[in-house]
Each structure stands twice: as C-alpha cells, then as structure tokens.
Amino acid sequence: MTPFSFTANPELVFGPGMIRHLPDRIRTVGQTALVILGSRTLERSPCWKQIVESFETAGLTLHLAQIFSEPCPRAIDTIVRENRDRCINV
C-alpha cells in the first residue's frame, strides 16, 4: 500500500439557529475568513444577512469570492492569487 495522509473535517454542525454560533466557531481558528459563494442563492437568503452582521458584530473580517460554475483549478488558482496577501486563516 502506498502511504498517504487523510484529514477529515473535524466537525459539521446542522440545525435551525446554528448560524448564530458561527462567529464563535470561526474565532477558534482565526479572525479573517474567505467565503466562496456559488450562485447568488445564499446572498439572497435571510441567512446571508445574519452571517455578515454576525461577523461585523464579532469583529471578524470577511472576504468573498464567487464561482458561478463548477470549480476548476484555474478558478481556484485565481481566488488564491487574489487573496494571498489578506492573511486569511479560515
């Protein structure tokens, strides 16, 4: 067998009202987050306004990027290049 390393997401949280806990969870990792949006569905939802306001209230920095189609390496590379100097840690 070829040696490999695998890291899973440590935790997934689901349920009504869980968005209000997002800033506290983010803060355990860092202060500056990059959110990659797809279509504008999230931006149009009441949840998005709550997310943005909770980040502002908590003093967290939120950077946005959008990909309107299936992500490809070129799109990801562009987002990385555009955000490289922003000290993103979440």
N/O donor to acceptor pairs below 3.5 angstrom from side-chain atoms of residues 71-81, sequence neighbours left out:
| from | atom 1 | to | atom 2 | distance (Å) |
| --- | --- | --- | --- | --- |
| T78 | OG1 | R74 | O | 2.9 |
| T78 | OG1 | R81 | NH2 | 3.3 |

Is there a chain of hydrophobic side chains (I, L, V, M, F, W, Y, each step under 4.5 Å between heavy atoms) that links I36 to L22?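 In one cluster with I36: L22, no.
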Could you state whether L34 and L42 fall into the same hydrophobic cluster, counting links through intermediate Ile, Leu, Val, Met, Phe, Trp or Tyr residues with side-chain heavy atoms under 4.5 angstrom apart?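 In one cluster with L34: L42, no.
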Which residue pairs pass the salt bridge (Lys or Arg N to Asp or Glu O under 4.0 Å) test when at least one of the two sits in residues 12-39, sequence neighbours left out?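 Salt bridge (Lys or Arg N to Asp or Glu O under 4.0 Å) check on residues 12-39 returns E11-R25, D24-R27.
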Starting from M18, walk the hydrophobic network (Ile, Leu, Val, Met, Phe, Trp, Tyr; side-chain heavy atoms closer than 4.5 Å) and list everyone else you reach, by chain and number.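 Hydrophobic cluster check, M18: joined to V13.
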List, one per line, each side-chain donor-acceptor pair under 3.5 Å for residues 54-68, sequence neighbours excluded.
| from | atom 1 | to | atom 2 | distance (Å) |
| --- | --- | --- | --- | --- |
| S54 | OG | Q50 | O | 3.2 |
| S54 | OG | I51 | O | 2.8 |
| T57 | OG1 | E53 | O | 3.0 |
| H63 | ND1 | R86 | NH1 | 3.4 |
| Q66 | OE1 | R40 | NH1 | 3.2 |
| Q66 | NE2 | E43 | OE1 | 2.8 |

Any side-chain to backbone donor/acceptor pair from N89 onto V29? Under 3.5 Å, distance only.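 Flag not set: sc N89 to bb V29 has no pair under 3.5 Å.
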With T41, which residues qualify under side chain to side chain donor-acceptor pair (under 3.5 Å), at least two apart? S39
Partner residues of F14 under the side-chain contact (heavy atoms from CB on, under 4.5 Å) criterion, sequence neighbours left out: L12
